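Note that these values count all heavy atoms, side chains included, but never hydrogens, waters or copies made by symmetry. Bear in mind that the values here come from a model prediction, so they are computed numbers and not experimental data. Residue numbers count from 1 along this sequence. Atoms within each ligand, like the ligands themselves, are counted from 1 in listed order.
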Amino acid sequence: MSLEEIFATRAGRLKASEIRELLKLLDQPDILSFAGGIPDPALFPAEAFATAFAEALTPAHQAQALQYSVSEGYLPLRRWLADHMGTLGVPCGADNILITSGSQQALDYLGKLFLSPGDTALVGWPTYLGALAAFNAYEPAYDRLDINTNRAPEDYRTAAEAAGGRVKMAYLSADFANPTGETVDEVGRERLLALAETLDCAVIEDAAYQALRYDGTPVPPILALEIARKGSIEACRTLYCGSFSKTLSPGLRVGWVVAPQAVIRQLVLMKQAADLHSSTINQIAIHRVAETLFDSHVASLRTTYRSRRDAMLAALARHMPEGVDWTRPEGGMFVWLTLPQGMDGAALLARSLDTVRVAFVPGRAFFADGSGANTLRLSFSCASEEMIEEGMARLGQLLRAG
Ligand SMILES: Cc1ncc(COP(=O)(O)O)c(C=O)c1O
């Protein structure tokens, strides 16, 4: 008997991504890669972190910095975050905040908290691959969250019952989503809240990219809109997942959840069972750096990423053949391409790596129903403007060749 035969059923839902093999090639120096969705390491506030870690390790502070700490998270950081959320229109206190090891951990915990096998999670077609990976372990069904159509709540409900449970959550990244770069406007956010109210389900607002807006008018967080409706965060069903990964550092793994206290208390129990708490010294360092330079640092990130976004949109307009369409994101790190029907993003990637040496992520993996073969995701966050021009020219040439 092999151990694989006695893995729990949930293990069968965790599958390695089919594109990972192809993406291994990305380390080769002549590949122009637009595949990663990561911050440019040249933009990390490394000096500020060096100072913060050195300070945390001085004799006066090291006993705390190297010690176990509370599961809720480092209180000065939670207080900073409560103020920060206030500036976004989300009045809340430190008791409404749990620090997590990246927002990915928050997605895992929220899946664990809400999804019994057969329950339905509403997600976009496409949606963040990592959210599907996190929820999959809890064996849900997925249904398409499409807030711009008039699909009746009853229809969602019937589909969820047929799948063996009920709708428990609607998950979305409302600002500059991964993978599409698109933003849900205020009307769409209000419609989502109305839908969630009727279905009596949670709304998971993934705000990983929210700070990275390059133009247009900021839209209030879904949680802010719900607090405005209900008067207090304690009455809300929106659970906000924030992250320092795209602004300060992904390697330190510091994210946060903002939620009613009753939900936070339950998530704290989960954290105690899973990893006790997030790294103490990393939380101390993030707090120090955030209070010193968060706003100015984000402003400079915006300037750099805005130029790269502009360069990519201009290069796409110059080089893409007729029949290829793409999004025009107001922030974030991604542009989403739709190829003519019948074309396959994965096959295109294989050809691209063989010939023009340009990498991107084929879109199908972002669709819970396995559709979307004719889509792909491009990231501009780590590419210079010259590289973007060259990469899009090569990709255009490949697409023209058919
Ligand atoms: C939409 C979205 N949510 C969450 C995450 C997880 O980020 P982290 O765990 O580093 O906060 C990512 C990372 O790429 C993301 O794109």
Side-chain angles (χ1 to χ4, degrees), residues 17 19-20 23 33-41 43-44 73 77 81 84 97-112 121 123-137 145 169-184 203-213 221-223 238-258 267 271 274-275 278-279 282-283 285-286 290 294 298 301 305 327 329-336 360-361 363 365-368 377-382:
S17 147
I19 53 175
R20 200 149 285 162
L23 296 181
S33 177
F34 304 93
I38 57 177
D40 184 341
L43 305 175
F44 291 149
L77 178 59
L81 283 167
H84 174 71
I97 293 174
L98 167 72
I99 305 294
T100 54
S101 299
S103 55
Q104 189 65 32
Q105 186 176 53
L107 298 178
D108 176 42
Y109 287 178
L110 291 169
K112 193 184 275 190
V123 296
W125 261 216
T127 194
Y128 170 50
L129 186 53
L132 297 177
F135 301 151
N136 275 346
L145 175 64
M169 60 165 70
Y171 163 83
L172 84 167
S173 194
D175 300 273
F176 330 123
N178 179 2
T180 64
E182 286 174 332
T183 295
V184 179
V203 173
I204 299 183
E205 176 173 25
D206 181 337
Y209 298 92
Q210 200 167 66
L212 298 180
R213 172 174 282 281
I222 299 169
L223 180 54
T238 303
L239 315 167
Y240 177 105
C241 303
S243 176
F244 286 109
S245 290
K246 316 297 175 184
T247 51
L248 297 182
S249 158
L252 298 184
R253 311 304 303 133
V254 182
W256 68 95
V257 182
V258 189
L267 293 173
K271 190 147 179 77
D275 66 351
S278 295
S279 156
N282 289 2
Q283 293 184 67
I286 285 271
F294 186 80
V298 168
L301 290 180
Y305 289 144
T327 55
E330 293 186 327
M333 298 184 172
F334 307 108
V335 176
W336 179 248
F360 49 81
V361 180
F366 299 98
F367 289 79
R377 188 192 77 180
L378 294 168
S379 169
F380 51 81
S381 57
C382 287

### Aromatic plane relationship, F366 with W336 - under 30° parallel, 30 to 60° tilted, over 60° perpendicular
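Plane angle over 60°, so perpendicular.
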
Nearest protein heavy atom with distance in Å, relative to [atom]:
| atom | value |
| --- | --- |
| atom 5 (C) of ligand 1 | Y128 OH, 3.3 Å |
| atom 7 (O) of ligand 1 | S103 OG, 3.4 Å |
| atom 13 (C) of ligand 1 | K246 NZ, 3.1 Å |

For the [atom1] atom of [X] and the [atom2] atom of [Y], what is their distance to the nearest 0.5 Å?
| X | Y | atom1 | atom2 | value |
| --- | --- | --- | --- | --- |
| M169 | L110 | CE | CG | 6.0 Å |
| I97 | L267 | CD1 | CG | 13.0 Å |
| Y240 | L223 | OH | CG | 8.5 Å |

### Message
Could you work out, for atom 2 (C) of ligand 1, the closest of T100, D206, V254 by heavy-atom distance?
### Response
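Comparing heavy atoms across T100, D206, V254, the nearest one to atom 2 (C) of ligand 1 lies in D206.
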
Contacting atoms of ligand 1, where contact means under 4.0 angstrom from a heavy atom of [X]:
| X | value |
| --- | --- |
| S243 | 8 (P), 11 (O) |
| R253 | 8 (P), 9 (O), 10 (O) |
| S245 | 8 (P), 10 (O), 11 (O) |

### Task
Return yes or no for this condition: an N or O of N178 is under 3.5 Å from an N or O of ligand 1.
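In this structure, N178 places an N or O atom under 3.5 Å from an N or O of ligand 1.
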
### Task
Could you say whether the N/O atoms of Y209 and ligand 1 ever approach to under 3.5 Å?
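It does: an N or O of Y209 is found under 3.5 Å from an N or O of ligand 1.
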
### Message
So does S278 get a backbone contact from the side chain of Q283, meaning a donor-acceptor N/O pair under 3.5 Å?
### Response
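Judged by distance alone, yes, a pair lies under 3.5 Å.
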
### salt bridge (Lys or Arg N to Asp or Glu O under 4.0 Å) contacts touching residues 170-183 (sequence neighbours left out)
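Those involving residues 170-183 are D175-R189.
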
### Query
Who are the side-chain contact (heavy atoms from CB on, under 4.5 Å) partners of T127, not counting sequence neighbours?
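With neighbours one apart ignored, the set is V123, L132, Y171.
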
### Query
Counting only heavy atoms, which portion of M333 has something under 4.0 Å from ligand 1: side chain, backbone, both, or neither?
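Under 4.0 Å from ligand 1, M333 contributes no heavy atoms.
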
